[in-house]
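First the proteins, then the strands, lettered A, B, ... as listed; each starts at 1.
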2 protein chains.
Amino acid sequence: MSRATPARPGRPTINDVARAAGVSRATVSRVINDVAGASPSIRTRVRSVAAELGYQPSAAARALATGRTRTIEVIATSFGPFGGWLGAHPYYSRVLAGAMSALEGTDTQLRVHAISAERALEAVDALAEDVTAGALLANVTPELSMRFYQRCRRVISLVPTASAVPTLEVDNIAGALMAVTHLHRLGRRRIAAIHGPENNTCAEQRRDGYRSAIEGFGLLELSADGGFTREGGHDAARQLLDRHPEIDALFVACDLMAAGAVQAITASGRRVPEDVAVIGFDDSIAASCANPLLSTIRLPIEEMAAEATRMLLNGGPAFGYRKRYPVELILRESTPPAVV
Amino acid sequence: MSRATPARPGRPTINDVARAAGVSRATVSRVINDVAGASPSIRTRVRSVAAELGYQPSAAARALATGRTRTIEVIATSFGPFGGWLGAHPYYSRVLAGAMSALEGTDTQLRVHAISAERALEAVDALAEDVTAGALLANVTPELSMRFYQRCRRVISLVPTASAVPTLEVDNIAGALMAVTHLHRLGRRRIAAIHGPENNTCAEQRRDGYRSAIEGFGLLELSADGGFTREGGHDAARQLLDRHPEIDALFVACDLMAAGAVQAITASGRRVPEDVAVIGFDDSIAASCANPLLSTIRLPIEEMAAEATRMLLNGGPAFGYRKRYPVELILRESTPPAVV
DNA sequence: GCTAGAGGCGAGAGCGGTTTCAGGTGAAGA
DNA sequence: TCTTCACCTGAAACCGCTCTCGCCTCTAGC
């Protein structure tokens, strides 16, 4: 044995197929890849031999020869230990689910990466160098995604980011406006808000939307920070209610926080939606696990991730491509039925 | 241009580094991989040249040469469209989060695969052939995982499965027993259950645990199927309550269903936990989004996935390896405080 | 019957690494 | 001073596949 380890022990290679079929490697390759230049009779022969041998082309060799790996990368910045990001927030699962659905039937694979805040720069550089089919940025800051884009063009951000980076985003501002407007139409006048973390563009836009709506109605702004976690939402709601017992509505920047907020509200002896109406954001699983069911702003995350994936598969979007998805107000039980 | 496309356009290869450092490719390889056989002075020179050029070894070439790709596969059978699996059930996110955490600092990547029920056989065969570092089976049936194992040994199941397949599993039966026993100790005597889907080993074990507990206490079995979805849990609870209004406790085989069940219970005018006590299973995000907070059986999914990943990285477990993780009863608000 | 052209086919050169093997060097030991 | 040996180092084979290029055959056209 001259070599250390045979690559994939026992597995037939293209050479085995070629030999068994009595043709050259080139011909087998042509047949396998459905490329012109092989007669029908040879095609069927090669195909049957390949099937018989259980031949499966090596992804590594193929990647090396062609220069492209068929892999889509999903990249998310992570906070804290496990449970910290993917495990905790439904958003990421939805991104993965959407991307996976677009990959079905393709020979492209999906890889998941977490980049920790501490060594984000190196991580971004390393990842960007290694992208082949394309990368989806799930929650990457504008600075980092710009850096990524400079090193690798085949990338799409799923959150608002630097203008050069192709983005599929949601109309966060309109969503927040929609929510606050609905609460106002219901007759609520003390509409507080629980926001997401700083330096998160989605959170910022939702905050801006809330503020401009509040301002437009001439109401008083009442904000707290919930950090996009359930606990944060719970604590923020309790604080708000303690300080401003007159609050009669709550706009919460994500359903996870909203679920916590609802718990805090009912724990304080108030009823949802009679005393405090609540509208969340995302329409994630958290909205349907909460009790009462959360009224929320629906985001088509899966569709966005799927479309982004398809774009990457087709060569990627152009410089500065930007598509904004509309959001939808979903009314469930955490808001009272609208008066006619 | 004799070749079609250079592999990774513009990126320095090992040849560039070798030339710039005035050494051979072999030496560069030794330095990069920290293999003995290069003098310290050359090591530092090569390293600095590599850094300067921004050299990053090609994963594809490396995989081809060594025969192993550094990739862990997470495999789940999917049901329905997106949202169908990964997007809907918190379990999968936890598996991913656990696996990711074990991969941190490693050069190993994580890939996610969904195999649809229709073409499961082919999918399993294809995947098994392509496994390199190892595969984690998140929710694969015993038959399929056995088939997988026959084709590729580097695999660990995270759910109970065929005895030959290495498994890291949870003590589902003990968990169900624990839950029902607690409800019984609280004085509840009409303890119904909502189970998971057929041909799901976890669901079966939890059902068995419930039944043997009920039998042990000499109580009446009251079961319904909730299919591991929130809607299913909701509907099952409503049906159970309609048919058996005397029910005073509910054991639900996963938190997602339990969240739905709680909604159905309160919608029927009953109170949780005063009228109906509820214990879920998993301690997933659904448990903490529900209102009231769910008492549940905690499963260390993240830890299991992390440990499984580590085992795979270290060469994989032995034939028939089996580790059973203990579960823990977490008491929150959906059960009344225990009487002393 | 002869030539041109088209299409099928194989040889062979990469893709970017890893690893063996042989040679070369210098220090230690005889 | 001459071996011996350990330690570096580079040449070259190889991993499995793709793709160009040139040869060969066969058909169509004159």
Exercise for review: Give the rounded distance in Å between these two atoms: CG of B/Leu64 and P of C/dG14.
Suggested key: 17 Å
Exercise for review: Using the side chain to side chain donor-acceptor pair (under 3.5 Å) rule, pick out the option among B/Thr161, B/Thr167, B/Thr201 that qualifies with B/Ser145.
Suggested key: B/Thr161
Point to revise | A/Asp16 CG to D/dG16 C1', straight-line distance once rounded to whole Å | key: 10 Å
**Study point:** Any A/Leu137 side-chain heavy atom under 4.5 Å of A/Leu158 side chain
**Key:** no
Point to revise | Counterpart residues, side chain to side chain contact (heavy atoms under 4.5 Å, CB included), relative to A/Ser116 (two or more places apart) | key: A/Ser78, A/Glu118, A/Arg119
Point to revise | Euclidean distance, atom CD1 of residue A/Ile14 to atom C1' of D/dC17 [Å, nearest integer] | key: 6 Å
Practice item. Would you indicate, yes or no, if D/dT18 has its OP1 or OP2 atom less than 4.0 angstrom from a side-chain nitrogen or oxygen of A/Asn33? Key: yes
Review point. Relative to B/Tyr149, does B/Arg153 satisfy both conditions: NZ or CZ under 6.0 angstrom from the six-membered ring centre, and within 45 degrees of the ring's axis?
Key: yes
Exercise for review: Could you check which residues of residues 18-29 of chain B get a heavy atom under 4.0 Å from DNA chain C? Sort them by number, please.
Suggested key: B/Arg25, B/Ala26, B/Ser29
Review point. With a 4.0 Å cut-off on heavy atoms, is A/Ile32 in touch with a base, just the backbone sugar-phosphate, or nothing at all?
Key: nothing
Study note, to complete from the structure: Residues passing the salt bridge (Lys or Arg N to Asp or Glu O under 4.0 Å) test with B/Arg147, sequence neighbours excluded, are B/Asp125
Review point. Is there a donor and acceptor pair closer than 3.5 Å between the side chain of A/Arg43 and the base of C/dG8?
Key: no
Check your understanding: Starting at the 5' end of DNA chain C, which residue's closest nucleotide do you reach first, B/Ala61 or B/Val35?
Key -> B/Ala61
Point to revise | Side chain of A/Arg62 (C-beta onward), nearest among C/dT18, D/dC17, C/dG10 | key: D/dC17
Check your understanding: Any side-chain N or O of B/Thr66 under 4.0 Å from OP1/OP2 of C/dT19?
Key -> no
Check your understanding: Is the Lys NZ or Arg CZ of A/Lys323 less than 6.0 Å from the centre of A/Tyr321's six-membered ring, within 45° of the axis?
Key -> no
Exercise for review: Compute both the distance and the angle, then confirm whether A/Arg151 meets the cation-pi test with A/Phe148: under 6.0 Å from the six-membered ring centre, within 45 degrees of the axis.
Suggested key: no
Exercise for review: Rounded to the nearest angstrom, tell me the gap between atom CG in B/Asn15 and atom C1' in D/dG10.
Suggested key: 13 Å
Review point. Please give, in whole Å, the distance from D/dC19 P to A/Asp34 CG?
Key: 13 Å
Review point. So which one's nearest nucleotide on DNA chain D is more toward 5', A/Arg30 or B/Ser39?
Key: B/Ser39
Exercise for review: Return the value, rounded to whole Å, for the distance between atom CD1 of B/Ile42 and atom P of C/dT25.
Suggested key: 14 Å
